[in-house]
There are 2 protein chains.
Amino acid sequence: MSEPTHPAADIDDVDRSILKILQSDGRTALSEIARRLDMGSATIHERVRTLEEHGFIREYRAVLDPELLGIDEVAFVNVEANPGRFAEVGERIAEHRSVQEVHELTGAADLLVKVRVRGREGLSDFLSTLGEYDGVQKTSTNVALRTVKEESRLDLNGDD
Amino acid sequence: MSEPTHPAADIDDVDRSILKILQSDGRTALSEIARRLDMGSATIHERVRTLEEHGFIREYRAVLDPELLGIDEVAFVNVEANPGRFAEVGERIAEHRSVQEVHELTGAADLLVKVRVRGREGLSDFLSTLGEYDGVQKTSTNVALRTVKEESRLDLNGDD
DNA sequence: AATGAAAGCTTAACGCC
DNA sequence: GGCGTTAAGCTTTCATT
């Protein structure tokens, strides 16, 4: 078995079509997908099961409106971590319930942390908590004035 | 403690329970939600319909694995825009299919752009495209070496 | 708002190709 | 791998409270 350049080679056009449909509407009925792709619904059922099993589909989720729920502030915090404690500090921060993203960046010895909180008060509470974490040396915060786009959809047309 | 003025006050505990369930598994059957909350499934159906209509639930999505699909690089690009053309430039950038997030930040006259691309080649292609956009003055890019957490789930326990 | 009941659809499991 | 069938389960509507 020869390894492909990238694992996406493991899936075919039908799989990609299924993924596109479910990425756009995660509640689409299997029977509806079958209709659109002109295949039997038992076939689609089996394809989707395999895509889930192999991890191409990680989960299904309702996407909620943060502003309507009062979780109205987005901020990006650059965290300078004690060198050598990068991974550990990042994982600790990731456990916090307001933290949506933690990335280890190239360049400076920095973590980039995205948080969503309730108001400026929520942000300042978060920053206090963060400052007390072991291994956190310095933080610098940028608040979003306006979020123009915020989307986790992937572009599946890259290798058409 | 008086009631805050945020719109979350429009929903009750049952709604919040429904949102939590659907945020964790967007394909949960309405009848299953009804069972868990010990209510009729017609009631849950109506509640969910209203939550959708009022915009608390924006959409349903399958969450795909970017690495398995070959979309393996994450980068954050700080874009310095021509002052006064902020909004316009941000919206233009947001249209690009590799762009997942665009935020207008406080402080410097900066946009923060999150992209997901196929390899370093995809990144350099993106940066070339970006550099040619009208109103983009300067960009500076940070590539993620490792993504520790990447999650769009909201913490709904904030006002319990 | 919430409910039970009923009609129509959907899923999931089967055996067959 | 793909398909049709079928039983069980789900969604959606509606009359009732």
ask   = Heavy atom of residues 33-40 of chain B under 4.0 Å from DNA chain D: which residues?
value = Arg35(B)
query = Have Ser152(B) and Arg61(A) got a donor and an acceptor in their side chains that come within less than 3.5 Å?
reply = yes
query = Between the side chain of Lys138(A) and the main-chain N/O of Glu80(A), is any donor-acceptor distance below 3.5 Å?
reply = no
task = Walk me through it: do Lys20(A) and Asn157(A) pass the test side-chain hydrogen bond (donor to acceptor under 3.5 Å, both in side chains)?
result = CA-CA 9 Å; Lys20(A) 281 185 200 170; Asn157(A) 293 315; 2.7 Å; yes
ask   = Is Arg92(A) reaching over with its side chain to a backbone N or O of Asp134(A), donor-acceptor style, under 3.5 angstrom?
value = no
note = For nucleotides 12-17 of chain C, 5' to 3', base contacts (B), sugar-phosphate-only contacts (S) and non-contacts (-) with protein non-hydrogen atoms under 4.0 Å give BB----
query = With no hydrogens and no angle check, is any side-chain donor or acceptor of Asp65(A) less than 3.5 Å from a backbone partner on Leu68(A)?
reply = yes
request  = State plainly whether the residues Glu32(B) and Arg36(B) are in salt-bridge range, i.e. N to O under 4.0 Å.
outcome  = yes
message = Once you apply a heavy-atom cut-off of 4.0 Å, does Ser31(A) come out as touching a base, just sugar-phosphate, or nothing?
response = sugar-phosphate
remark   = Students should find that the nucleotides of DNA chain D closing off the region near chain A, any atom under 4.0 angstrom from a heavy atom, are dG1(D) to dT11(D)
message = Go nucleotide by nucleotide along DNA chain C from the 5' end; which of Val14(B) and Arg27(B) gets its closest nucleotide reached first?
response = Val14(B)
request  = Look only at the side chain of Thr106(B) and the backbone of Val143(A), and say whether a donor-acceptor pair between them is shorter than 3.5 Å.
outcome  = yes
request  = Take Glu52(B) and Tyr60(B), measure what side-chain hydrogen bond (donor to acceptor under 3.5 Å, both in side chains) needs, and give me the verdict at the end.
outcome  = CA-CA 10 Å; Glu52(B) 289 167 358; Tyr60(B) 298 91; 2.6 Å; yes
inquiry  = Apply side-chain hydrogen bond (donor to acceptor under 3.5 Å, both in side chains) to residues Ser98(B) and Arg116(B) and explain how you reach the verdict.
reply    = CA-CA 6 Å; Ser98(B) 297; Arg116(B) 268 222 176 251; over 6 Å; no
query = Hey, is the main chain of Asp25(A) close enough, under 3.5 Å, to the side chain of Thr28(A) for a donor-acceptor pair?
reply = yes
request  = Nearest whole angstrom, please: distance from the P of dA1(C) to the CD1 of Ile44(B).
outcome  = 14 Å
